[in-house]
Each structure stands twice: as structure tokens, then as C-alpha cells.
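Written out below as C-alpha cells is the structure these notes cover.
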Amino acid sequence: MAWSQPQSKPRTRTLLVVDDREANLVAMEALLGDGDWQVHTVNSGEAALQALLDLDVELVLLDVQMPGMDGFEVARLMRGSPHARYTPIIFVSAIAHTRESVLRGYATGAVDFILKPFDPQVLKHKINTLLSHEHNRRDLQLLSQQLDSARAFNASVLNNAAEGILVVGEDGFINFANPAIAKMLHASVDDLQGTALIKHLASPQMPMAWRDTDFYQHWRSGNTYRLHEAQLFTANGDTLPVALSSSPLPRQQRSMVVIALDMSVVRSLHVQLETQAVTDSLTGLLNRRGFHQALDSALARVDRNGKRMAILYIDLDGFKRINDSLGHDAGDEILCRVARVLEACMRPYDIIARMGGDEFTALLDSLDHPEDAARVAEKLIELISVRHTIDGTDVTLGASIGIANFPDCGQSVEELLRSADMAMYEAKRNGRQQYRFFSGEMNGRAHARLMMEENLRSTIERNGFALAYQPQVVLETGELRGFEALLRWNYAGRGSVEPSVFIPLLEETRLIDRVGEWALREGLAQCRDWRERFGDKLVLSFNVSPVQFRRAGLIDELRRLLDEYQLDPRQLELEVTEGALMEDLEQSCDKLRQLRELGVRVAVDDFGTGYSSLAYLRHFDLDTLKIDRLFIANMLDSPRDAAVVSTIIDLGRNLGLEVIAEGVETLAQREWLIDHDCHVMQGFLVAPGLAVEDALEFPRTIDWLNLEYRPAG
Ligand code: C2E
Ligand code: CA
Ligand code: CA
């Protein structure tokens with residue numbers, strides 16, 4: 001505690017005897033020596049005044065007749081000095097005084113007279129009486145000092161408290177207000193005192209009569225009342241959020257102390273946190289969570305008014321390219337521009353959100369016709385799909401939009417969003433830059449997909465995939481070059497599912513990573529087991545999805561597997577599509593260089609179908625080109641396809657790459673390819689993908705004149 005009560009000093013009761021005659025002093029000492037006090041003697045008025053300064057004198061026996069300064073004069077001076085002002089005096093005099101001089105003595109504040117010679121008992125009695133008066137006076141003085149400082153302490157607590165403090169009488173009127181509450185309400189203490197408490201409360205709504213309020217009711221029952229969310233009016237008409245507590249004071253005071261905590265900072269922090277949680281900091285639109293909330297409450301409303309509404313799921317086309325090539329700042333800038341376009345297109349009560357990345361959503365409320373949503377989508381695509389200039393660079397952007405109507409495409413937030421998302425995906429598949437309504441057919445497909453997805457997952461868990469091995473044969477000699485490992489999946493007893501169906505699914509769900517890793521391990525283990533049969537020059541080719549190819553850990557994983565199965569890196573070939581290579585040129589070059597260092601072969605799969613620029617081919621560390629089987633299938637009938645095939649073969653020769661023709665089904669195709677100097681082929685002419693047992697039986701060199709491995713059908 002900062003404040004402590006003043007302590008009374010231990011008392012040494014001192015009597016001061018003043019007389020100019022030595023003999024009188026001695027006699028007085030002898031007379032008073034046996035009392036429970038100390039006697040101090042001085043022989044002049046001056047000495048007396050000095051002694052009063054030095055000692056804590058409680059009573060003075062003062063001789064009236066002294067040379068120089070007489071007793072009356074000493075008394076007068078004593079009364080002028082702060083610490084001797086109240087010290088009692090007994091005048092001692094040898095002569096009887098006139099009434100006038102006695103009155104003069106009393107007027108100096110003296111308390112008594114005694115005439116010499118005197119009765120010692122009377123003197124002692126007088127001394128005792130005066131001393132006990134003096135003690136009472138001193139106690140009183142001490143008490144009042146203590147009271148003063150206690151009051152000052154309380155006042156300072158109230159004045160300096162940061163919380164607003166009011167004392168409110170049982171009648172509901174403010175008796176006391178501290179400066180903090182006055183400051184909070186932009187008023188003065190005087191403005192507040194004498195006013196009714198409920199006049200200051202903006203919320204909650206108070207009953208009209210004070211006695212009906214919770215303040216009064218709690219006070220009556222002797223309880224503290226707390227109001228966490230209250231608002232007080234300030235003098236300038238605003239409101240201030242506060243937390244209030246009201247506690248009864250001791251009963252006889254018939255009032256309560258109300259403490260008000262300024263909550264404005266805390267409240268605005270809350271509001272800030274709440275808005276942060278539902279808004280996207282980049283664009284200022286709602287975020288995913290905000291959109292969910294908004295949609296949720298819109299659904300609750302729409303149920304009642306029966307109006308239609310639509311969800312738009314908007315995904316930007318070409319955003320990733322901008323982000324990758326111009327950097328994230330440019331990407332951010334584009335996202336903000338799109339946000340502003342969205343805002344400009346929508347009506348004020350439509351809700352717009354950024355769901356993350358380059359995906360936006362809009363909730364179109366109160367539509368008259370579902371087609372109205374299409375009109376908005378069209379306009380959006382038109383406005384977004386323009387040339388943007390970012391840092392002096394022109395970029396083109398597009399948008400694909402999926403639309404889900406309420407209530408046809410879903411009743412819940414999740415359903416509606418999923419439907420709109422699915423429709424958006426459909427718009428993308430149909431060539432982007434367009435919108436699609438969600439349809440029941442989409443739903444059916446989505447359902448089937450969901451089931452397949454589930455099945456894929458459990459297949460992974462059960463280790464239910466298999467590899468088929470399709471031989472690759474040197475065209476001229478019939479020598480076995482190697483096998484391409486092809487993934488097989490037997491789906492829920494319904495026979496094998498086309499890889500072209502389930503592989504995109506695996507890619508979308510990112511499960512391809514795990515399956516790809518499994519395929520590598522399985523194939524390489526097989527390759528090691530085949531060493532005795534096929535030697536250590538056999539090449540095993542694996543299809544690598546773009547996702548897998550981009551993965552950072554790919555090289556390390558390959559190195560580990562090669563090590564584990566003791567294989568020559570040249571035995572392993574990765575087949576990558578043109579699309580995967582072109583997606584990020586810099587990264588691809590880097591990956592290919594690392595693969596080259598590792599010694600692993602790389603083939604470009606389905607070559608000719610993609611959009612790779614031949615110019616780039618020079619920069620890539622590649623080993624093999626695989627001509628897409630569509631060209632092979634058509635080359636004998638279509639000069640155009642024949643030209644493509646022979647160009648690829650030439651290109652391969654010029655760049656020192658091995659060229660493999662895929663999908664060779666006839667001897668005539670084989671002949672043509674030999675004539676055009678193609679090295680290797682793969683196709684049903686020789687064999688389809690073979691089960692492990694069949695692959696093991698495959699000859700190291702085939703006899704072209706006696707082909708045993710024709711496909712069954
Ligand atoms: P792809 O890489 O072009 O594989 C060759 C495909 O052509 C295989 O189809 C094969 O069975 C088929 N094929 C081979 N010879 C002939 C022929 O003479 N005539 C005809 N009509 N077709 C022939 P499959 O096994 O259905 O695989 C399809 C695609 O699935 C593959 O195309 C490949 O892109 C992908 N794929 C297969 N296995 C994997 C894998 O393990 N991982 C990844 N990421 N993709 C794989
Ligand atoms: Ca392939
Ligand atoms: Ca291929």
C-alpha cells in the first residue's frame with residue numbers, strides 16, 4: 001500500500017520550568033522530581049523559547065516577573081510559533097496581580113495561574129489536568145491528521161483511477177463522479193453530479209422508472225450487478241461502449257458505486273478481428289469463410305421470401321502464367337483489378353468473395369429469371385478477358401464461370417458451391433472463356449467420379465494396381481529394347497478401367513504421386529528380377545504425370561530406387577509429355593539437367609500432338625522421341641501424317657535422339673518406318689501390354705516372319 005497511517009511518537013513528557021532565580025529552579029526541581037515526567041529548567045525567557053524549539057515540551061511553568069523578557073512576553077511569542085502555539089502554560093507569580101494583568105495572561109492563551117507560595121499538591125494537580133488536556137489535544141490533532149491523509153488518499157485514488165467511478169444514491173441520482181468518467185463522457189464532474197444515472201445509458205434499454213431497473217433491484221438485494229455490453233451517451237451525442245458493474249456501498253450510505261470500463265478499444269479490436277476473419281486482405285472482398293456465412297444467411301432469408309438466387313464460381317484463365325512470369329506483385333495487382341471489375345458488374349446487394357488463389361465467387365440475390373445470372377456471367381467474362389498492361393507488359397486474362405441456381409442445384413451452402421465449382425470445371429474443359437450452368441447430367445458424372453475416387457483410394461490402400469509391360473523392339477533387328485510400364489486397374493470387379501479415365505482422376509486428386517511412386521518401385525523391382533533373362537541393357541519406361549515430374553523430391557526418389565535395386569540409370573526411362581515440359585521452361589530445363597546428371601533417360605511422349613515449339617527442343621536434355629500413335633495409324637493414308645512422322649524421325653536424327661514409333665499395328669507400317677530410318681517401335685503388331693508372366697516369356701529377339709505376339713482381338 002502506498003499510504004500508511006501517521007505513527008504517534010513515543011512520549012517523553014517534558015516540563016519546562018522558567019524562572020530567573022536559581023533557587024526557585026532548584027526548589028521546583030525538587031518539588032516536581034518525583035512525577036512521571038522530566039523536568040527541564042531554564043533561567044530566562046530567551047532560553048525558554050530556545051528550549052521549546054529543541055525539546056518536545058508538553059507544559060511550561062512560567063515565572064511572570066523576569067528581567068528582560070517577562071513571562072507574558074514569552075507566552076505571547078510562544079503563541080506565535082507553530083509548534084508551541086498550543087503548549088499549555090502555568091504562570092507562576094510571587095505577587096497578586098491586578099485583574100487586568102491576569103486577563104492579559106489568559107488572553108495569551110495561558111491556561112492557569114498559581115501564586116507563590118503554593119501548595120505543591122495543588123500544583124501537581126494542575127499539572128496533571130493540563131497534561132491530560134494536552135494529551136487529548138495531541139491525540140485529536142494526530143487523528144485529524146490521519147483523517148486528512150486518508151481523505152487525500154481516497155480522493156487521489158478516485159481522481160487517478162482510469163476507470164470511471166460513480167456513486168449513485170438509492171434514488172438513482174449521481175452523487176459523485178470521478179474525473180475519469182467525466183473524461184470518458186466528454187463532460188465535467190459537475191455536469192454529471194446530480195443527474196439521473198439512467199439518463200446516461202444509451203443501451204440496453206432501461207425501464208422508465210429507476211426502481212424497476214436491475215441497478216436498483218440488485219442494490220436492494222445487496223448484490224453486485226454487472227453489465228458487460230452497455231453504451232453510455234457522451235456529451236457530444238455519441239455513444240461509448242462500456243462494461244458496468246454496480247456494487248452496494250455499506251447500508252447506511254444508501255447508495256451504490258458504479259464502475260465503468262471504457263470498452264471502445266477492445267470493441268474495435270473485436271470488430272477488426274471479426275472483419276479480418278471474413279475478408280480477404282488482398283482484395284478487400286469477403287474470403288471463403290465470409291462467403292460461407294453470407295450464403296448461409298442469404299439461404300435463411302430466401303427460404304422465407306421464395307426468391308431465386310444464383311452462385312457464380314469464377315476461375316481466371318491464364319492467371320498462373322502471369323504469376324509465374326511477372327511475379328507475385330503483378331499477380332496481386334491482377335487479382336485486385338478483377339475484384340474491382342466484379343464489384344462494378346454487380347448490384348450493391350450482391351455478394352462477392354475471393355475463395356483463394358484465382359477463384360472468386362458471387363452470390364446474385366433476388367433474381368427474376370435464372371437466365372439473368374447468365375447475362376452477368378457473360379458480362380464478367382467480357383470485362384475480365386481483356387488485355388491488361390502490367391509493368392509495361394501486355395497480358396491476356398480470361399475467366400471460366402460455373403453457375404448454380406438455388407434451389408435447383410442444391411439447398412445447402414456446400415451443395416451450391418460444389419455444383420457451381422463443377423459447372424466451372426466443365427466450362428474450363430470446354431475450352432475456357434465461357435460459362436456453364438450446373439446440370440443434372442454433371443451431377444450424375446460427379447457422382448460416378450466420387451465413387452471412382454473412393455475406389456481409387458481403397459485400391460491404393462489394398463495395393464490393387466498392376467503394371468502391364470509393352471515391349472519396345474528395334475525395327476530392323478527385332479531385338480528387344482525394353483518395355484513401357486503401363487498402369488492397370490481392375491475397378492470393383494467391373495473389368496479394367498481405361499487409364500485415360502482413371503489417370504486424370506488420379507491427377508486431379510493428387511493421388512497420382514503415390515501411385516506413380518508405387519509403379520516405379522514395382523517396375524524397377526521387376527527389372528532387377530529380369531536381369532538374368534534380359535541382361536542389364538533392358539530399358540524400362542515409365543509414364544510420369546506432369547504433377548509427378550514437377551515434384552521436388554523426384555530426383556532423390558529415383559536415386560534411392562536405383563540404388564536399392566542396383567540398376568544402371570540408363571535402364572530407367574521417364575516418359576514426359578510435351579505439355580509437362582512446356583509448362584515451366586526454366587524448371588523443366590533444370591529438372592532435365594538433373595536427370596541427365598543422374599544418368600536416367602528422358603523420352604517425350606506423344607510427340608507431335610502437343611504444342612511444343614521445335615526451337616525449344618534443342619535446349620532440353622532429352623534421349624528419346626515417341627511419335628504419337630495417331631500419326632502412325634494414319635501415315636499410310638494421309639501424306640500430311642506421313643510428313644509429320646518423317647519430319648520427327650529426321651529431327652531425332654539431327655538432334656541425336658532415339659525415335660520410337662508408337663501404336664504400330666501392321667507389317668506395312670513397320671516397313672514404311674524402316675524405309676524412313678525409324679529405330680524402335682512399339683505396338684500391337686508385336687504385343688500389347690503384357691502381364692508379368694507373359695513379359696518374362698518374351699523373346700530377346702523376335703522373328704519378324706513368325707510373330708507370335710499378335711494381339712488377341
Ligand atoms: P501412352 O503413354 O501413350 O501409352 C501407350 C498407350 O497406347 C497404352 O494405352 C497402350 O496400351 C496403347 N497402345 C500400345 N500399342 C498400341 C497399338 O498398337 N494400338 C493402339 N490402339 N493402342 C496401343 P493405355 O495402357 O490405355 O494407356 C493410356 C495412357 O495412360 C498412356 O498413354 C499414358 O499416358 C497413361 N498411363 C499409362 N500408365 C501410366 C502410368 O503408370 N503413369 C502415368 N502417369 N500415366 C500412365
Ligand atoms: Ca507412354
Ligand atoms: Ca504415348
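Remember, it's 1-based here, ligands and their atoms both numbered in the order they're listed. Remember, it's a predicted structure, so these values are computed and weren't measured experimentally. Here, residue 1 is the first one in the sequence, and each next residue gets the next number. Computation of the quantities below employed the complete heavy-atom set of this structure, encompassing side-chain atoms and omitting hydrogens, waters and symmetry-equivalent molecules.
- Any N or O atom pair closer than 3.5 Å counts here, and Q548 shares no such pair with ligand 1.
- E575 lies close to the Ca ion (ligand 2), since one of its N, O or S atoms is found at a distance under 3.0 Å.
- Proximity of Q470 to ligand 1 is established by a heavy-atom distance of less than 4.0 Å.
- The contact set between ligand 1 and E484, taken as ligand atoms under 4.0 Å from a residue heavy atom, comprises 2 (O), 4 (O).
- A donor-acceptor pair shorter than 3.5 Å cannot be found between the side chains of D606 and T577.
- By the 4.0 Å heavy-atom criterion, K626 is excluded from the residues contacting ligand 1.
- A salt bridge between K320 and E583 is absent, with no side-chain N of the basic residue lying under 4.0 Å from a carboxylate O of the acidic one.
- Residue D605 approaches the Ca ion (ligand 2) most closely through its N/O/S atom OD2.
- Within the listing of ligand 1, atoms 15 (N), 18 (O) sit less than 4.0 angstrom from a heavy atom of G683.
- The nearest N, O or S atom of E484 is closer to the Ca ion (ligand 2) than 3.0 Å.
- Taking the six-membered ring for Trp and thresholds of 30 and 60 degrees, F534 and F483 have ring planes more than 60 degrees apart, a perpendicular arrangement.
- When each of R601, K626, R653 is paired with E658, the salt bridge (charged side-chain N to carboxylate O under 4.0 Å, His left out) condition holds for R601 and for no other.
- Contacts with ligand 1 closer than 4.0 Å are made by no heavy atom of V515, backbone or side chain.
- Between E507 and ligand 1, no N or O atom pair is found at a separation short of 3.5 Å.
- At least one side-chain heavy atom of L561 sits less than 4.5 Å from a side-chain heavy atom of R521.
- Side-chain atoms of R436 do not come within 3.5 Å of backbone N or O of I403 as any donor-acceptor pair.
- Under the 30°/60° scheme for interplanar angles, the aromatic rings of F465 and W489 are found to be tilted.
- In terms of N/O distances under 3.5 Å, ligand 1 is not approached by L467.
- We find that R596 and D621 are joined by a salt bridge, their nearest charged nitrogen and carboxylate oxygen being less than 4.0 Å apart.
- Ligand 1 is approached by E662 to a heavy-atom distance shorter than 4.0 Å.
- Residue contact annotation: S541 places no N/O/S atom under 3.0 Å from the Ca ion (ligand 2).
- With a 4.0 Å cut-off on non-hydrogen atoms, Q682 does not touch ligand 1 at all.
- Exactly one of L592, L595, V602 qualifies for a side chain to side chain contact (heavy atoms under 4.5 Å, CB included) with V576. That residue is V602.
- With respect to R560 and E564, no salt bridge is recorded, no charged nitrogen being found less than 4.0 Å from a carboxylate O.
- For ligand 1, the atoms lying closer than 4.0 Å to a non-hydrogen atom of I503 are 30 (O), 35 (C), 36 (N), 37 (C), 38 (N), 39 (C), 43 (C), 45 (N), 46 (C).
- Between R559 and E597, none of the side-chain N atoms (NZ, or NE/NH1/NH2) sits under 4.0 Å from a carboxylate O, so this pair counts as no salt bridge.
- Taking each of A633, G523, P499 in turn, the one with a heavy atom nearest to atom 26 (O) of ligand 1 proves to be P499.
- Here's the thing with D605: one of its N/O atoms is less than 3.5 angstrom from an N/O atom of ligand 1.
- The atoms of ligand 1 that sit less than 4.0 Å from any heavy atom of D606 are 3 (O).
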